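Structure first, then comments.
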Amino acid sequence: MNSTQLNSKIPSDFIREIIDEDLKMEKGEGRLATRFPPEPNGYLHIGHAKSVCLNFGIAAQYGGACNLRLDDTDPQGESLEYVESIMDDIHWLGFDWGNRLYYASDYFEKLYWFACELITAGKAYVCSLNADEIREYRGTFTDPGRESPYRNRSVEENLDLFARMRAGEFKDGAHVVRAKIDMNSPNIVMRDPVIYRIKREPHYRTGGQWVIYPMYDFAHCLSDAIEGITHSICTLEFENNRPLYDWIVEQLIETGRPKQIEFARLNLSYTVLSKRMLIALVQNGYVKGWDDPRMPTVAGMRRRGYTPESIRNFCAVIGVAKKDNLVDISVLEHCVREDLNEGAPRAMAVLRPLRVVIDNYPEGQVEEFEFANHPQKPELGTRTVPFARVLYIERDDFQENPPGKYKRLAPGREVRLRNAYVIRYERMVKDEATGEVVELHCTYDAETRNGPPPDGRKVKGVIHWVSAMHAIPAEIRIYDRLFRVPDPAGEEGQFTDYLNPESLEILTSCRLEPSLKETAPGKAFQFERLGYFCADSKDFRPERPVFNRVAALRDSWGKIADRE
RNA sequence: UGGGGCGUCGUCAAGCGGUAAGACACAGGAUUUUGGUUCCUGCAUUCGGAGGUUCGAAUCCUCCCGCCCCAGCCA
C-alpha cells in the first residue's frame, strides 16, 4: 500500500493545520515524526484504529515516519500476547512501522538517569508519604495542596534514596519520586506529580530487573523526545497533562522538543469501547476471547469479516476533531457494505428453511444452472447451482396473511425464484399440532427460466432458494450488538454497557447452495437479501462451514419484516 | 466548586468577516430476476442563548447557558 492510496480519502483537519504551521516555522527542521503508543494490556479496538490511521496516515502524508511504541511502563496486566496482537492488527489494517519498533521499557535505564538529573537540579525529590497521605496533601479542586514534609530533602539524600529504591531496599509504596512543581497550581496534575513508584511485579520484558517503574507522565514525553517524535498525538483526556508534559521536556531536553496535540477519542453507538469493560468481557467469559466476532476489537472485526479497507475508510469518514462524539454504528456498517458490495460474490442461502415441492416438476430431474457471481461484475465469474423438485426457501418468504407491501409468496400468488423459474402457490401443509406451515406445494412456469412470463403478467417478488437434496448444511452466526442500556440500578440518565447474553445466535438448520462448499476461510459472501456473511477463519470446517454475519444489506435484520 | 477543553442538521463534520460543503440516517421517485446495487430529488433563512462591533458575523467582542476531562504510587 503506497501513501497516495492511504491518503486518498483523508480529509484535512485541525491537526494537519497545526502541523502545517509548525513545519512552516521549521519545527524539527521541517521533519515530521509521529508514534502510535499502545499499552500492551489488551487488544486494539476500533477506537485504536482511529489513532493508528491518524498517526500513520499523517506521517505518510507528510513524508515522515510513524513509530510503534509499546508503552509498557506498568507491568500490571501487560503481556507478550498483547504485543503480538497489536503488531498483527496494525499490519492487518495496512500500516507498517518498518524498523521503528520501540518499547518504553527499553528506556528504563535512560529514564532513571533523567530522573536523577531532575533530582540533581533540585526539581524532584523522594517523598515518603504513603498513598493516602499524598492524596490528602494534594488538596482538592477548590483547596490548594500542601507541600510534603519531604519536599526539601537534600539532593544527596534524594539521590541516595532513589538509588536504594532502585536497588530494592524498600517495600512497595514506601517511597515515590515526585517532580517539584507547585502544590498551589490550579491544575492538580502539576501538584508535585509522582514520577516513579516502587512496584514488585515481574515485567513481561524486563522480568525482575526493575522494582521501580516510571509513571506515564514522566516516561511518555521523554520517550517521545528520545525517539525524535515531533508531534505526539493523544486523546483529549490528556489535555490536563500537557503542562506537565511540557514542563518535563523543558527541564531535560534541549533541542527537538516534541509537541502534544489532543483529539477526541471515538465513541460508537451500541458499542463498548472501554478497555476496562472489554477486559472484563474476556476475563469473565462473556465472550470467547479478544477475537470473538462480537467484540469491537480489530481482531474480532477481522474474524467477523470486516475488511481493513472498510475500517480505514470509516476512520477517514468520521474525521478528527476535539468535540466529544458518538458516531452512529450505521456509519461503520455503511463502510463495510460499501466495500463488500464491490467484490463479494453473491450466493444463495436459506437460514430458516421452508420445504417447497414443485408439483409439476419431474421427479428425479435435476437441472444445472450457471449463475453470475455478481450482477454487475461478470469478471467475478459464474458458479453452477442445481435445481430440483424439492427446494427450500426462506420461511419469511412465504406469508399466509401477507401485509400491505409484501412482494413475495403468499396464497394465490406467484414469485420468482432468483435466477430460475416463476412459481405459483398451490397449497400449504400445516403441522396439525402447532398449526405451523411445514411445507408448500407450488407449480412452476417452464417459460420463465430466462425472462418474464410471455403473457406479460408481472411478478414482482424475487426470492432465493436451494435444492433440498443438494444443499449443504452450515452454521450461521448472527450477532446483535453490544448494547448500551440505562443502568437499572443507576440514576436516571446513567448508562451501562453490557453484552446481550442472547447475542450469539447459531442457526444450525440453515442450508447453503452447494457452490459454497469451496468457501475459503475469511472470505465474505453476500447471501442475497440476507446480508454479508464471512466464513469464519478460526472455526473453519469445510464440511460444515461457519459463517458470521458481517452486516445486513439494510441497516438491521428486522428492517424488511418491519415494513410488512 | 478551582482549572482545562468543547458547543454548526437526528449523528459525524467542513467553514477561519462576504452571506451554511460533504457523509451517514431519513423521505420520495427511476432502473433492477437481490425489498441489494446504481441513479435522481428533498432534508440547518441558520450555526447553544442574549447583547454588541461591522455595509456585512457561524466566524470578532461581552455576558450567560450546557456538556466533557482532572483530586491513581493507571495510561
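For clarity, every value in this text was computed on a predicted model and none was experimentally measured. Chain letters run A, B, ... following the sequence lines, proteins first, then strands; residues in each count from 1.
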I'd like to know if [X] reaches the base of [N] with its side chain, counting only an N/O donor and acceptor under 3.5 Å.
X        : N      : result
A:Asn240 : B:rG3  : yes
A:Arg408 : B:rG35 : yes
A:Glu338 : B:rC24 : no
A:Asp74  : B:rC74 : no
A:Gln376 : B:rG36 : yes

For B:rG15, measure the glycosidic angle (O4'-C1'-N9-C4 for a purine, O4'-C1'-N1-C2 for a pyrimidine) and name it syn if it falls within 90° of 0, otherwise anti.
anti
Just call it for [X]: base, sugar-phosphate, or nothing, with non-hydrogen atoms closer than 4.0 Å on any strand.
X        : result
A:Tyr213 : nothing
A:Asn241 : base
A:Met348 : nothing
A:Gln526 : base
A:Ile463 : nothing
A:Ala131 : base
A:Glu239 : sugar-phosphate
A:Arg276 : nothing
A:Val176 : base
A:Leu129 : base
A:Gly451 : base
A:Asp71  : sugar-phosphate

Do A:Arg178 and A:Tyr150 form a cation-pi contact, if we require the NZ or CZ to be under 6.0 Å from the six-membered ring centre and within 45 degrees of the ring's axis?
no
Tell me, please, whether A:Phe36 has A:Arg69 positioned over its six-membered ring: NZ or CZ under 6.0 Å from the ring centre and within 45 degrees of its axis?
no
Is the ring pair [X]/[Y] parallel, tilted or perpendicular, if the boundaries are 30 and 60 degrees?
X        : Y        : value
A:Tyr213 : A:Phe108 : perpendicular
A:Tyr43  : A:Tyr82  : perpendicular
A:Tyr245 : A:His220 : tilted

Just to confirm, is there a sub-4.0 Å distance from OP1 or OP2 of [N] to any side-chain nitrogen or oxygen of [X]?
X        : N      : result
A:Arg138 : B:rC73 : yes
A:Arg191 : B:rA71 : no
A:Arg529 : B:rU37 : no
A:His464 : B:rU34 : no
A:Arg197 : B:rC74 : yes
A:Thr73  : B:rA75 : yes
A:Lys405 : B:rG35 : no

Whole angstrom is fine here: how far is it from [atom1] in [X] over to [atom2] in [N]?
X        : N      : atom1 : atom2 : answer
A:His334 : B:rA13 : NE2   : C1'   : 16 Å
A:Asn187 : B:rG2  : CG    : P     : 15 Å
A:Asp324 : B:rC12 : CG    : P     : 10 Å

Candidate nucleotides [options], ranked by approach to the side chain of [X] - the nearest:
X        : options                : answer
A:Tyr216 : B:rG35, B:rA75, B:rG5  : B:rA75
A:Lys322 : B:rA14, B:rA25, B:rG5  : B:rG5
A:Ile188 : B:rG7, B:rG2, B:rA75   : B:rG2
A:Val462 : B:rC12, B:rC69, B:rU33 : B:rU33
A:Asn130 : B:rG7, B:rU34, B:rC73  : B:rC73
A:Lys323 : B:rA25, B:rU8, B:rG3   : B:rU8

Output the distance between atom CG (A:Leu512) and atom OH (A:Tyr392), rounded to the nearest 0.5 Å.
12.5 Å
Decide, yes or no, whether a salt bridge links A:Arg146 with A:Asp192 under the criterion of side-chain N to carboxylate O below 4.0 Å.
no
CZ/A:Arg153: more than 12 non-hydrogen atoms of other groups inside 6.0 Å:
yes
Any-strand Watson-Crick or G-U partner of B:rC24, both distances under 3.5 Å:
B:rG10
With stacking defined as ring centroids separated by under 5.5 Å and planes differing by under 30°, is A:Phe141 stacked against B:rU1?
no
Stepwise, does the side-chain contact (heavy atoms from CB on, under 4.5 Å) test hold for A:Asn341 with A:Tyr532?
CA-CA 9 Å; A:Asn341 176 49; A:Tyr532 296 99; 3.2 Å; yes
Dump the pairs, protein N or O against N or O of nucleotides 20-22 of chain B, anything under 3.5 Å, distances to one decimal.
none

